[in-house]
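Only one structure is covered here, and it is reproduced in the block below.
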Amino acid sequence: MAANEVFVFICTILVFFMTPGLAFFYAGMVSRKNVVNTLMSVFIMCSIPVLLWVIIGYSLSFSGNYFNIIGGLHDFMLHNFNFTAPATAGPISNGSYMLFQMMFAVITPALWIGGIVGRMKFKFLILFTIAWCILIYYPLVHIVWGGGFLQQMGVLDFAGGTVIHINAGITALVLAIMLGRHHRGKNDKAYNLTWVFLGTVILWLGWYGFNCGSALAINHIAFQAMLTTTIATATSMLTWIILDVFILGAPSLMGACTGTLCGLVAITPACGFVGIGSAIAIGIIATLCSYTFIKYLKPRLHVDDTLDAFGCHGISGIVGSLLTGLFASKAINPQVKFNGIFAGGSLHQFWIQLLATTFSIVFVAIMVFLIVLVLKHVTKMRVTPEEETKGLDLSEHKERIDCDVIND
C-alpha cells in the first residue's frame, strides 16, 4: 500500500501541474489585451474549487447516496472523514484518494475557460464557478464514480471522459452561445506560440498523472494507461499535421498542439481498458471528428467558442467515451464486464456508453443554461463592447501582461 500511496501522491502533483500548464496553453492563444484575464481565469480555479471540495464537494461526490444522483453531507468540511482508512476505490488511503480527486475538481472548470475568454465579467465567472461545481460537477462525479446510477449500470470512464471532458466541453459551448460572439476585429493574433507549446508539453506530462493515477496503484493497469495515452496522443498529433498538410498546405505548430490535446482527451475514458491498436484507432477517429468540427462545422454554426474548448474537449470527449464501448477488453482490465464488439464481444457496452454520454450532454447543457439564467439577474455576465475593445486585462484587472499596473 505504501508504494501505491507514493505513486498516487506523485500523480496528484502532476494533475495539479496541469492547471498552470493550461493557463499557458490558453493565454498563448488569445490576443495580447486578454492575456492577464485568461491567466487569472484559469489560475483562480486553483483556489475556489479547492475550498469548495473540502467544504462540501468531496462529501456530495463520495459520501452517501441519495436517489443515485448525489451524495450527502456526512463529510462536510471533512469533519467525519477518516484520512487513514483504506479507500473503497482502490488500494490507497481515503486521504490520498480525496486529494487526487481534488485535482480533477480543479482542472475541470479551468477547461471551459477556453470558450469564454475576452467576454465574461470576472465577478460572474466566480459566481458561476461556485454554482457549476455544486450543481453540475459534484452530481456528475457521484453519478459516474461515486455510486450513482451510471456507475451501477456499468459505464466505463477510466479517468474522466464524461465527468471532465464532455462536462467541460458542453459547458464551454453553452456559455459561448449565451455570451454571444466577440465584437473584436479580425486582426487579433495569438499572443505567444511558445506559451501554447509549453502549455501543451505540461498538459501531456500532467496527463500521465491524470490517466495512470486513475489506476490508483502502480500496477499493469497504470502501465497500460500510460502506454495507450502516449500512443493515442502521438497518433492524434500526426493525424492533425497530415490533415493540415493536405488541406491547408502547411503543418502548423498550433495544429500539432491542438491535435495533441484531442488525443489526450479522447483516450482518457478508455486508457485503462483498451489495447495498442484500439488506442491508435481512437486517436485517428477523434482527431478527424474534432478537425471536421473546428474547421468546417463551427464557422457555419457561428458559435464563438474562442479557443475550441468544445471542439477539442467536447467532440473528442464524446468520441472517446463512445469508442470505449467498442474497444474495451476484459483481457486488459477485469473491471470490464462486457467486451466491446471489436474486442470479441457485443454492442452491450456501447449502448451503456451511449446512454452515459447522452445523459452527460443533456444534464450539463440544461444545468448550465439554468445557472446562467439565474445569475444574470444577480450580476452582469458580459463586458461592454467598449471594455471588450479595450481588453479585459485593463478593464477588469487594470494590468498589462508586462505587469504595468494602470492607476484609476
Side-chain angles (χ1 to χ4, degrees), residues 14 17-32 35 38-39 42 107 110-111 113-115 117 165 168-169 172 188-211 226-268 270-271 276 279-299 305-320 323:
L14 288 174
F17 193 42
M18 292 172 70
T19 301
L22 184 70
F24 277 111
F25 181 78
Y26 279 166
M29 289 193 283
V30 301
S31 63
R32 177 182 287 272
V35 176
T38 303
L39 290 171
V42 175
I107 185 66
L111 295 174
I113 296 299
V117 292
H165 298 296
D188 286 347
K189 296 181 180 179
Y191 171 68
N192 194 320
L193 278 178
T194 303
W195 283 21
V196 177
F197 174 76
L198 174 64
T200 303
V201 172
I202 294 174
L203 284 170
W204 193 340
L205 175 64
W207 226 283
Y208 289 125
F210 208 64
N211 287 359
M226 186 169 190
L227 181 63
T228 55
T229 297
T230 306
I231 291 170
T233 305
T235 302
S236 290
M237 182 204 296
L238 182 59
T239 301
W240 196 290
I241 291 172
I242 292 172
L243 289 170
D244 270 353
V245 169
F246 280 93
I247 296 174
L248 302 181
S252 69
L253 178 60
M254 184 75 79
C257 292
T258 304
T260 297
L261 187 62
C262 289
L264 291 167
V265 170
I267 197 61
T268 292
C271 60
I276 294 173
I280 293 174
I282 289 172
I284 293 173
I285 296 169
T287 304
L288 289 173
C289 291
S290 283
Y291 192 96
T292 300
F293 178 84
I294 292 171
K295 299 295 185 179
Y296 298 105
L297 294 181
K298 192 180 85 165
D305 175 14
T306 315
L307 306 182
D308 293 313
F310 175 73
C312 292
H313 296 279
I315 298 297
S316 287
I318 290 168
V319 171
L323 292 181

| Sequence-distant partners of F293, ring pair (Phe, Tyr, Trp, His ring centres under 6.0 Å), two or more places apart | F310
| said: For M254 versus A190, what's the shortest heavy-atom pair and its separation? | reply: CE-CB, 4.1 Å
| Partners of Y291 by ring pair (Phe, Tyr, Trp, His ring centres under 6.0 Å), sequence neighbours excluded? | W240
| query | Between atom OG1 of T258 and atom CG of L253, what is the distance when rounded to the nearest 0.5 Å? | reply | 9.0 Å
| remark: d(C312 SG, I294 CD1) to nearest 0.5 Å is 4.0 Å
| request: Provide the closest heavy-atom pair for T233 versus G263 in the form atom of the first, atom of the second, distance. | output: OG1-C, 3.9 Å
| message | Could you measure the distance from the CG atom of N211 to the OG1 atom of T228? Nearest 0.5 Å is fine. | response | 7.0 Å
| said: Can you list everything that forms a side chain to side chain contact (heavy atoms under 4.5 Å, CB included) with A256? Sequence neighbours excluded, please. | reply: M237, I241
| field | Nearest non-hydrogen partners of T235 and I231, listed with the distance | value | OG1-O, 2.7 Å
| Does any pair with a residue in residues 288-299 pass salt bridge (charged side-chain N to carboxylate O under 4.0 Å, His left out), and if so which ones, sequence neighbours excluded? | K298-D308
| said: Which residues pass the side chain to side chain contact (heavy atoms under 4.5 Å, CB included) test with A309, not counting sequence neighbours? | reply: Y26, A172, D305
| Residues in side chain to side chain donor-acceptor pair (under 3.5 Å) contact with T239, at least two apart in sequence or another chain | none
| said: One pair to check against side-chain contact (heavy atoms from CB on, under 4.5 Å): L243 and L288. What are the steps and the verdict? | reply: CA-CA 9 Å; L243 289 170; L288 289 173; 3.9 Å; yes
| said: Please report the interatomic distance CD1(I285) to CD1(I280), rounded to the nearest 0.5 Å. | reply: 11.5 Å
| said: So, taking the atom named CE in M29 and the one named CG in L193, what distance separates them when rounded to the nearest 0.5 Å? | reply: 10.0 Å
| request: Kindly check if the number of other-residue, nucleotide or ligand heavy atoms within 6.0 Å of CD1 (I276) is above 12? | output: no
| task | List the atom of G311, the atom of S290, and the distance in Å for their closest heavy-atom pair. | result | O-OG, 2.7 Å
| field | Nearest-0.5 Å distance that lies between atom CH2 in W195 and atom CD1 in I202 | value | 11.5 Å
| query | Among all residues two or more places apart in sequence or in another chain, which pass the side chain to side chain donor-acceptor pair (under 3.5 Å) test with T287? | reply | S236
| request: Report the residues that fulfil salt bridge (Lys or Arg N to Asp or Glu O under 4.0 Å) with D244, sequence neighbours left out, ordered by chain and then residue number. | output: none
Listed pairs under 3.5 Å, donor-acceptor, residues 17-24 side chains, sequence neighbours left out:
none

| said: List the residues meeting ring pair (Phe, Tyr, Trp, His ring centres under 6.0 Å) with F210, not counting sequence neighbours, and say none if there are none. | reply: F104, H165, W207
| query | Stepwise, does the side-chain contact (heavy atoms from CB on, under 4.5 Å) test hold for T306 with V30? | reply | CA-CA 8 Å; T306 315; V30 301; 5.5 Å; no
| Pairs where residues 244-267 contributes a residue and the test ring pair (Phe, Tyr, Trp, His ring centres under 6.0 Å) is met, not counting sequence neighbours | none
| query | Quick one: are Y191 and T38 in side-chain contact, heavy atoms under 4.5 Å? | reply | no
| message | Going by side chain to side chain contact (heavy atoms under 4.5 Å, CB included), name the residues that satisfy it together with A270, two or more places apart in sequence or in a different chain. | response | I267, V274, I282, T324
